Amino acid sequence: MISTVAIPVHQMAELLKLEASAIHQAAERLDFAQIEQSLTLLQECKGKVVLSGVGKSGIVAQKIAATLMSIGTVAFFLHPCEALHGDLGAVTPEDVVILLSNSGETEELVQMLPHLKHRRVPIIALVGNLASTLARQADVVLDASVAREACPLNLAPTTSTTVALAIGDALAMTLMQMRGVTEKDFAINHPAGRLGKRLTLQVKDLMFEGSSEAKLLPSASWLEVVTAITKGGAGAVSIVDDQNRLVGLVTDGDLRRWMQRTEPTALVSLTAEAIMTKQPVAIAPDALAYDALRLMEDRPSQISVLPVVDDQNYCMGLLRLHDLLRSGL
């Protein structure tokens, strides 16, 4: 049976505007002295940033902890129930504790307060009630109050958690700027992500070293080139001098083209020196793999294999476009 109940599609937009407005209002009433004190505590923290909350506030606390970790600040979520049953041992005087509670009267957090005070750990309260127990006993108070929840019944934590999360994100991003965190620093904590790979993965991590058969002297015959490419498995062979310095490159495509335009009777005298691309484009082992990918692709004719050489032009291996793409760059 088809429902005849009208779907309040426009309500979605109004609720989003309500939450956006609440964030705007939170920004307007920021107590800059409290914000500065919070950032100073976080900047000078020699230990960990410990976040705690219950229910939806606990979930927001976990997310803020994860954001702090991603920018290189050691942080973790401590469940207040577990804290009261032994996990408080993880908190030291060198840490900073951030407690999240809309009411500021969350029983488990209030129970933690004397034990945190005993450890002389600074407390930042992110609360929706500035007259609450948590606000009165914290060292720093951040106002996350809202006029109402986005919930039609004004019950489900919605606007309040959105504002708390936004304030937590703003703290983390400001701290990131204060500490001068760079893209490279960020990538170190995200090695599996595309950004992390592009900023940390190096050519030497992906290059194909192969065997001694992956290198030949210029005097090698075309048949030796065929054998080297076949056994090497890289689709190319480096041509080096007697000091192992790169002088050329022969790919399987180069080999096929030369064989097509060379008379069968002349193949016996065809050498690697005649076939090779002289002074081929090459790259250093410490170069970023992403730079190698751009070098191979951003050109009129793409390169599928790139020689890897050190600063003395000594041949170290080959880098295949296939391996770069497979790495997820």
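Note that the structure is predicted; figures quoted are calculated from it, not measured. Numbering starts at 1 and runs along the sequence shown.
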Is it true that atom [atom1] of [X] has more than 12 heavy atoms of other residues, nucleotides or ligands lying nearer than 6.0 Å?
{"X": "His115", "atom1": "NE2", "value": "yes"}
{"X": "Gln279", "atom1": "CD", "value": "no"}
{"X": "Arg261", "atom1": "CZ", "value": "yes"}

What verdict does the side-chain hydrogen bond (donor to acceptor under 3.5 Å, both in side chains) test give for Ser160 and Glu149, after you've listed the backbone C-alpha separation in whole Å, the side-chain angles of each residue and the deciding distance to 0.1 Å?
CA-CA 6 Å; Ser160 59; Glu149 300 287 3; 2.7 Å; yes

For Arg320, is there an ion pair with Asp323 - N to carboxylate O distance below 4.0 angstrom?
yes

How about [X] and [Y]: do any of their side-chain heavy atoms sit closer than 4.5 Å?
{"X": "Val50", "Y": "Phe76", "answer": "yes"}
{"X": "Leu293", "Y": "Glu297", "answer": "yes"}
{"X": "Leu270", "Y": "Trp258", "answer": "yes"}
{"X": "Leu109", "Y": "Leu134", "answer": "yes"}
{"X": "Cys81", "Y": "Leu84", "answer": "no"}

For Pro307, run the side-chain contact (heavy atoms from CB on, under 4.5 Å) check against Leu249, Val281, Thr277, Leu319 and tell me which one passes.
Leu249

Walk me through whether Ser101 and Glu105 qualify under side-chain hydrogen bond (donor to acceptor under 3.5 Å, both in side chains).
CA-CA 7 Å; Ser101 171; Glu105 299 292 347; over 6 Å; no

May I have the step-by-step check of side-chain hydrogen bond (donor to acceptor under 3.5 Å, both in side chains) for Thr67 and Lys63, ending in yes or no?
CA-CA 6 Å; Thr67 300; Lys63 194 278 178 183; 3.0 Å; yes

